[in-house]
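Here is the structure we will look at.
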Amino acid sequence: MTSQRTRERLIQRLVEQGVTSQQVLDVIRTTPRHLFLDEALSHRAYEDTALPIGHKQTLSQPYIVARMTELLLSRGPLDKVLEIGTGSGYQTAVLAQLVNKVYTVERIRPLLNRSRDLLRRLGYRNVSAALSDGGFGWPDYAPYNGIISTAAPQSLPEELLHQLAPDGILIIPIGPDGEQELRMIIREGDSNNFSEEVIEPVRFVPLLSGLSR
Ligand code: SAH
């Protein structure tokens, strides 16, 4: 079920859907997605589908992980990246192999603890994770060369723009359930001008405010 052939079939599917970055495809091919899921679901890990991770949250579909990562890296290599919504830690693991340092925040404590342990166990040492409301970014380590949100706010949290380094790039789904769009926002040099491009319609869990209790 987690065989080389199953993984190869997934990569093929991502290519057919238009993912072109070889480095992203290579990382997805070798990252053990089955370890980020409950054992009962691990046999479905290499299907191109979103899967539940408990607490009403989901591990994103591989296509969307690939697409967002490819967009994030589309303007060149990145040093510091902030991820909002650690969830299972799978997207974090993918990023950890492609950028220098990943900062990730999650609002649900059991999810954060589980993924932090797993990432450590798998040897991703360039990750810092915190329990926090990512709607405010993570100011302590700002600015970031890239920010990626894996949960969708209704509108753009301004705070994230302030935490983008010059020429920084933000990849984020925005909008209410059923009407979300993936957006790519780029800070132009060190100015306070930002260009914005709508990429495609998407479906994400909502970005919720405050910590879960
Ligand atoms: N990147 C994850 C996707 C998880 S789904 C993965 O690869 O598995 C999105 C996650 O965002 C959920 O775990 C949810 O709890 C979290 N989330 C939602 N609102 C948030 C907020 N304001 N701050 C931090 N995390 C948030």
Side-chain angles (χ1 to χ4, degrees), residues 14 17-25 27-28 31 48 50 57-107 126-127 129 132-138 141-177 179-189 193-208:
L14 300 183
Q17 289 179 95
V19 176
T20 58
S21 164
Q22 202 52 53
Q23 56 168 352
V24 170
L25 291 169
V27 165
I28 290 192
T31 304
D48 188 22
Q57 305 304 321
T58 57
L59 202 177
S60 309
Q61 179 191 3
Y63 164 72
I64 205 72
V65 172
R67 186 81 182 106
M68 289 175 82
T69 308
E70 163 174 278
L71 287 165
L72 189 73
L73 294 169
S74 60
R75 291 161 50 88
L78 300 178
D79 184 29
K80 280 165 65 181
V81 167
L82 172 67
E83 176 194 28
I84 297 162
T86 318
S88 69
Y90 175 72
Q91 170 82 69
T92 321
V94 168
L95 290 170
Q97 298 168 77
L98 291 163
V99 308
N100 254 350
K101 175 81 199 191
V102 184
Y103 297 87
T104 182
V105 290
E106 170 57 57
R107 62 182 288 281
N126 56 342
V127 175
S132 174
D133 177 352
F136 300 100
W138 191 353
Y141 297 100
Y144 304 96
N145 306 103
I147 301 178
I148 184 171
S149 181
T150 66
Q154 301 273 336
S155 61
L156 179 65
E158 290 285 317
E159 198 47 49
L160 299 185
L161 297 181
H162 301 314
Q163 293 179 26
L164 273 185
D167 295 311
I169 178 165
L170 166 63
I171 308 292
I172 186 168
I174 297 180
D177 202 20
E179 293 169 37
Q180 296 168 3
E181 294 171 332
L182 187 62
R183 301 204 191 177
M184 175 165 81
I185 296 163
I186 291 165
R187 180 169 190 180
E188 296 175 350
N193 299 327
F194 297 86
S195 71
E196 187 169 332
E197 194 181 323
V198 174
I199 305 295
E200 59 189 61
V202 285
R203 270 186 69 184
F204 277 85
V205 295
L207 185 99
L208 301 174

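Residues take their numbers from the sequence shown, with the count starting at 1.
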Nearest heavy-atom pair of Leu207 and Ser149: which atoms, and what distance? CD1-OG, 4.2 Å

Check Thr86, Ile148, Val81 against Thr92 for a side-chain contact (heavy atoms from CB on, under 4.5 Å) and give me the one that passes. Thr86

Search all heavy atoms of Leu182 against all heavy atoms of Ile171 and return the closest pair with its distance. CD1-CG2, 3.9 Å

Approximate separation, where rounding is to 0.5 Å, of Leu156 CG and Leu161 CG: 4.5 Å

Are any of the side-chain heavy atoms of Leu95 and Thr104 separated by less than 4.5 Å? no

So how far is it from Glu188 CD to Asp167 CG, rounded to the nearest 0.5 Å? 9.0 Å

For the backbone of Trp138 and the side chain of Gln163, can you confirm whether one donor and one acceptor N or O come within less than 3.5 Å of each other? yes

Does Ser132 use its side chain to pair, donor to acceptor, with the backbone of Gly134 at less than 3.5 Å? no

Could you check whether atom CG of Asp177 has more than 12 heavy atoms from other residues, nucleotides or ligands sitting under 6.0 Å from it? no

Donor-acceptor contact below 3.5 Å, side chain Gln180 vs main chain Pro173: no

For Tyr144, the ring pair (Phe, Tyr, Trp, His ring centres under 6.0 Å) test, sequence neighbours excluded, returns Tyr103

Donor-acceptor contact present, side-chain Asn126 to main-chain Ala96, <3.5 Å: yes

Closest heavy-atom pair, Glu70 versus Thr20, reported as atoms and distance to 0.1 Å, is OE1-N, 2.8 Å

Taking the side chain as everything from C-beta on, heavy atoms only, tell me whether Val19 gets closer than 4.5 Å to Ile28. no

Under 3.5 Å: donor-acceptor pair, side chain of Asn145, backbone of Gly168: no

So Ile64 and Phe204, do their side chains get closer than 4.5 Å, heavy atoms only? yes

Show your reasoning for whether side-chain hydrogen bond (donor to acceptor under 3.5 Å, both in side chains) applies to Gln97 and Thr31. CA-CA 9 Å; Gln97 298 168 77; Thr31 304; 3.0 Å; yes

Return the minimal non-hydrogen interatomic distance between Ile169 and Leu71, and the atom names on each side. CD1-O, 3.4 Å

Using side-chain heavy atoms (C-beta onward) and a distance below 4.5 Å, is Thr69 in contact with Ser21? no

First locate atom CD1 of Ile147, then atom CG of Leu82, and finally report the distance between them rounded to the nearest 0.5 Å. 5.0 Å

Minimum heavy-atom distance Glu159-Phe136, with the two atoms named: CG-O, 3.6 Å

For the residue pair Glu106 and Gly87, what are the closest heavy atoms and their distance? OE1-N, 2.9 Å

side-chain hydrogen bond (donor to acceptor under 3.5 Å, both in side chains) between Gln57 and Ser88, intermediate numbers included: CA-CA 9 Å; Gln57 305 304 321; Ser88 69; over 6 Å; no

Flag side-chain contact, heavy atom, 4.5 Å: Asp48 against Gln17: yes

Sequence neighbours excluded, every pair satisfying ring-ring contact (aromatic ring centres under 6.0 Å, His included) that has a member inside residues 71-100: Phe36-Tyr90

With Arg107 via salt bridge (Lys or Arg N to Asp or Glu O under 4.0 Å) - residues at least two apart: none

With Arg67 as partner, the option from Val24, Ile199, Val202, Leu14 fulfilling side-chain contact (heavy atoms from CB on, under 4.5 Å) is Ile199

Does Glu181 reach the main-chain N or O of Gly175 with its side chain, forming a donor-acceptor pair under 3.5 Å? no

Is a side-chain donor or acceptor of Lys80 paired with a backbone partner of Tyr141 at a separation under 3.5 angstrom? yes

